[in-house]
Number of protein chains: 2
Amino acid sequence: MSANPIPRISETEWEVMRAVWAGHPATASEIIERLAAADPSWHPKTAKTLLARLVRKAALDYEAQGRRYVYEPLVTERECVAAASASFLERVFGGALKPMLAHFVESRRLSRAELAELRQLLERETPESNRRKS
Amino acid sequence: MSANPIPRISETEWEVMRAVWAGHPATASEIIERLAAADPSWHPKTAKTLLARLVRKAALDYEAQGRRYVYEPLVTERECVAAASASFLERVFGGALKPMLAHFVESRRLSRAELAELRQLLERETPESNRRKS
DNA sequence: CTTATACGCTTACAATTGTAAGCCATGAGT
DNA sequence: ACTCATGGCTTACAATTGTAAGCGTATAAG
């Protein structure tokens with residue numbers, strides 16, 4: 001599955017993919033329910049069209065069970081997150097990680113617990129950084 | 001300028017905007033040079049079309065000096081970065097800041113200096129966090 | 001003066017994207 | 001059996017997007 005090239009996924013298609021990743025295999029109606037739960041303006045026809053397009057893009061696959069399709073991702077959320085993140089970083093911050101992180105940290109008031117966890121994360125990174133030097 | 005709604009800026013348009021923000025006012029040929037310096041596959045015609053579209057979108061404005069147009073952004077980089085960042089966070093991480101930050105920190109080996117600066121940034125955030133509690 | 005270059009506008013085209021109806025077949029309920 | 005609901009495919013349309021040529025005009029260079 002990791003050998004698949006990551007297809008380009010549009011913003012609305014992301015919503016559909018996230019609904020599938022939230023639990024799969026999943027039928028169209030299950031996916032539509034999840035989408036509608038998050039945003040009631042979703043129309044089932046639209047969702048089905050996007051599902052079909054994502055299949056054509058090789059982001060999803062399905063197995064027909066009777067006349068019901070059961071969808072399954074062909075690309076992991078992790079892979080797509082990585083691709084989208086890299087693209088976003090390059091496009092909006094010219095690839096500069098530090099200003100991007102600073103932007104997010106400053107733009108939102110993080111709770112003390114969140115800050116503590118991030119600090120922990122940064123601490124965890126330091127030994128690796130050292131290891132690379134040796 | 002902050003009263004302007006932030007137009008939707010496509011990925012390629014972002015490149016053009018970044019070239020303008022890099023120094024403005026700027027003529028089309030200056031912008032084209034900057035774009036080509038970053039990526040030689042840019043075609044001047046394409047750049048000019050995108051400039052015209054960004055003008056129509058109210059992201060840019062221009063002043064004609066002779067037959068040369070001198071472009072100026074109508075929206076700040078900061079505003080557009082904020083809008084794109086919020087949209088990205090919502091789309092790819094469902095609005096969850098912590099996993100997003102974790103993703104970026106883990107996906108790239110930050111230097112010790114970078115880590116230290118981020119830690120500093122987090123320290124800087126703590127007093128505000130406390131202030132909110134009182 | 002002639003030719004080449006530069007300038008922006010108009011035009012064009014294909015692909016992508018978001019939206020959703022129409023159609024036919026199947027399944028469920030009465 | 002009939003009717004209605006459900007399922008996915010096909011079709012449709014408009015807007016957006018990336019790409020760039022064509023055109024007329026002005027300016028610069030030889």
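Residue numbering restarts at 1 for every chain, and letters A, B, ... go by the order of the sequence lines.
Rounding to the nearest 0.5 Å gives a distance of 5.5 Å between CH2 of A/Trp14 and SG of A/Cys80. A distance of 11.0 Å separates CD1 of B/Ile31 from NZ of B/Lys48, quoted to the nearest 0.5 Å.
DNA chain D lies under 4.0 Å from at least one heavy atom of each of the following residues of residues 14-34 of chain A: A/Ala28, A/Ser29. Remark: A/Lys48, A/Arg53 in residues 47-57 of chain A come within less than 4.0 Å of DNA chain D through at least one heavy atom.
Comparing A/His43 and A/Ile9 by the nucleotide of DNA chain C that holds the closest heavy atom to each, the one mapping nearer the 5' end is A/Ile9.
Using a 4.5 Å cut-off on side-chain heavy atoms (C-beta onward), B/Glu11 and A/Ser87 make contact.
The existence of a salt bridge linking A/Glu117 and B/Lys98 is confirmed by a sub-4.0 Å separation between a basic side-chain nitrogen and an acidic carboxylate oxygen.
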I'd like a list of close polar pairs between nucleotides 23-27 of chain D and the protein, N/O only, cut-off under 3.5 Å.
{"residue": "D/dA26", "atom": "N3", "partner": "B/Arg67", "partner atom": "NH1", "Å": "3.2"}

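Between the side chain of A/His43 and the backbone N or O of A/Lys45 there is at least one donor-acceptor pair closer than 3.5 Å. A donor-acceptor contact shorter than 3.5 Å links the side chain of A/Arg18 to the backbone of B/Val92.
Under the side-chain contact (heavy atoms from CB on, under 4.5 Å) criterion, B/His103 pairs with A/Val81, A/Ala82, A/Ser85, B/Phe93, B/Ser107, not counting sequence neighbours.
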Under 3.5 Å, sequence neighbours excluded: what are the donor-acceptor pairs made by side chains of residues 32-40 of chain A?
{"residue": "A/Arg34", "atom": "NH1", "partner": "A/Ala19", "partner atom": "O", "Å": "2.5"}
{"residue": "A/Arg34", "atom": "NH1", "partner": "A/Gly23", "partner atom": "O", "Å": "2.9"}
{"residue": "A/Arg34", "atom": "NH2", "partner": "A/Gly23", "partner atom": "O", "Å": "3.1"}
{"residue": "A/Asp39", "atom": "OD1", "partner": "A/Ser41", "partner atom": "N", "Å": "2.9"}
{"residue": "A/Asp39", "atom": "OD1", "partner": "A/Ser41", "partner atom": "OG", "Å": "2.8"}
{"residue": "A/Asp39", "atom": "OD2", "partner": "A/Ser41", "partner atom": "OG", "Å": "3.1"}

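A/Ser10 and A/Lys57 make their closest contact through N-NZ, 4.2 Å (heavy atoms, listed as atom of the first residue, atom of the second, distance). The minimum heavy-atom distance linking A/Met17 with A/Pro73 is given by the pair CE-CB, 4.4 Å.
B/Thr76 and B/Glu79 are linked by a side-chain donor-acceptor pair at a separation below 3.5 angstrom, with hydrogens and angles left out of the test. One side chain, B/Thr27 or B/Ser29, offers a donor N or O that lies under 3.5 Å from an acceptor on the other.
Looking at heavy-atom distances under 4.0 Å, B/Thr46 makes contact with a base.
Chain B approaches DNA chain C within less than 4.0 angstrom (heavy atoms of the protein), and the contacting nucleotides run 5' to 3' from C/dA6 to C/dA12.
Using a 30° and 60° split on the angle between ring planes, A/Phe88 and B/Phe88 fall in the parallel class, below 30°.
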